[in-house]
Amino acid sequence: VSASLGVTFYRPAENLAAEQLLRQADQAMYQAKLTGKNRYHVFDAELDRNVRGQHETLTRIRSALANDEFVLHYQPKINLCSGALIGVEALLRWQHPQQGLLLPASFLRLIEEHPLIVEVGEWTIATALGEMAKWQAAGLKVPVSVNISARQLQQADFVDRLRLLLAAHPDLDHGCLEIEIVESSALEDLLLVSQVI
């Protein structure tokens with residue numbers, strides 16, 4: 001017979017209900033079981049707050065995708081010798097309803113290792129292709145570069161998904177889409193990445 005114990009502490013400043021304390025102790029007990037049984041584990045309130053905060057952020061980013069809160073800004077690429085426009089880079093921004101325009105550093109790092117980064121990446125490519133099609137129809141043919149994440153590039157169906165996104169714009173010169181791969185992305189699984197490329 002062995003015992004696995006979960007421990008939590010009542011902190012008067014937090015004003016927790018008895019049910020919440022029991023849930024915390026129960027969660028700690030399951031953690032004790034996961035780490036080998038016949039031991040105890042103390043509930044980590046800070047870790048729990050971080051996990052809940054991350055979950056809320058992921059939910060909020062997923063909601064932003066569904067509510068069209070993401071936008072692309074285009075940074076021109078200029079030939080320094082001639083001054084000619086040689087393309088643009090699509091830059092992702094989040095038009096947050098409460099916080100205003102957010103740069104990618106404030107939200108992309110939170111989803112780099114989460115499957116949601118693939119959805120955001122596909123949205124970025126699809127949106128850039130849509131803009132490119134509008135520009136081309138208006139007589140402006142401009143190459144657009146889009147950054148992709150390591151996780152997106154390493155998806156088994158990356159090439160098939162890209163083909164589908166391109167097929168949605170049959171009149172578009174697909175050679176105008178440039179995929180930028182962060183070097184560290186390619187180094188994680190060199191064999192797979194070389195096959196994808």
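Computed over heavy atoms, backbone and side chain alike; hydrogens, waters and symmetry mates excluded. These numbers were taken from a predicted model, which means no experiment stands behind them. If you read the sequence from its start, that first residue is 1, and numbering goes on from there.
The minimum heavy-atom distance linking Tyr74 with Val88 is given by the pair CD2-CG2, 3.8 Å. Ile61 approaches Val120 most closely through the heavy-atom pair CG2-CG2, 4.4 Å. Across every non-hydrogen atom of Ser82 and Asn79, the tightest pair is N-OD1, 3.1 Å. For the residue pair Arg60 and Pro97, the shortest heavy atom distance occurs at NH2-CD, 3.1 Å. Listed here is the closest heavy atom pair of Met132 and Val142: CE-O, 4.4 Å. Ala128 and Val144 make their closest contact through CB-CG1, 4.2 Å (heavy atoms, listed as atom of the first residue, atom of the second, distance).
Within the 4.5 Å cutoff, side-chain heavy atoms of Ser145 are placed close to those of Lys77. In this structure the side chain of Val146 never reaches within 4.5 angstrom of the side chain of Leu72, judged on heavy atoms. Proximity of Leu85 to Ile78: side-chain heavy atoms (C-beta onward) are separated by under 4.5 Å at one or more points. Counting only heavy atoms from C-beta outward, the side chains of His41 and Ser4 never approach each other to under 4.5 Å.
Using a 4.0 Å cut-off between a side-chain N of Lys or Arg and a carboxylate O of Asp or Glu, Arg23 and Asp26 do not qualify as a salt bridge.
In this structure, Val71 is not a member of the same hydrophobic cluster as Leu91, with clusters built from ILVMFWY side-chain heavy atoms closer than 4.5 Å. Residues Leu103 and Leu116 fall into different hydrophobic clusters, defined by Ile, Leu, Val, Met, Phe, Trp and Tyr side chains chained together at heavy-atom separations under 4.5 Å. Clustering ILVMFWY residues whenever any of their side-chain heavy atoms sit less than 4.5 angstrom apart, transitively, puts Leu129 in the very cluster that holds Leu140. Under a hydrophobic-cluster definition in which Ile, Leu, Val, Met, Phe, Trp and Tyr are linked whenever side-chain heavy atoms come within less than 4.5 Å, directly or via other members, Leu164 and Val118 are assigned to different clusters.
Here Ile148 contributes atom CD1 and Leu153 contributes atom CG; the two are 4.5 Å apart, rounded to the nearest 0.5 Å. Leu172 CG to Lys134 NZ: the interatomic distance, rounded to the nearest 0.5 Å, is 12.5 Å. For the atom pair CG of Asn38 and CG of Leu5, the computed distance is 9.0 Å after rounding to the nearest 0.5 Å. Atom CD of Glu112 and atom CZ of Phe107 lie 11.5 Å apart (nearest 0.5 Å). Here the CG-OG1 distance, from Leu22 to Thr8, works out to 9.5 Å after rounding to the nearest 0.5 Å. Glu178 CD to Glu180 CD: the interatomic distance, rounded to the nearest 0.5 Å, is 7.0 Å.
For residues 82-105, no pair satisfies salt bridge (charged side-chain N to carboxylate O under 4.0 Å, His left out), with sequence neighbours left out.
Under a 3.5 Å cut-off, the side chain of Gln155 and the backbone N or O of Arg151 do form a donor-acceptor pair. A donor-acceptor contact shorter than 3.5 Å links the side chain of Gln136 to the backbone of Asp173. Formation of a donor-acceptor pair under 3.5 Å by the His174 side chain with backbone atoms of Ala167 is not found in this model.
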Notebook entry, point to check: Given the rule in the side chain to side chain contact (heavy atoms under 4.5 Å, CB included) test, do Leu177 and Leu165 qualify, once you have shown the distances and angles that lead to the verdict?
Noted result: CA-CA 11 Å; Leu177 176 68; Leu165 293 170; over 6 Å; no
Report task. I would like to know whether Leu58 and Leu110 meet side chain to side chain contact (heavy atoms under 4.5 Å, CB included); could you show each step before the answer? Result -> CA-CA 8 Å; Leu58 291 172; Leu110 303 171; 5.7 Å; no
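The aromatic rings of Phe70 and Trp94 sit tilted relative to each other, their planes meeting at an angle between 30° and 60°.
Glu122 is linked by a salt bridge (charged side-chain N to carboxylate O under 4.0 Å, His left out) to Arg161, counting only residues two or more places apart in sequence or in another chain.
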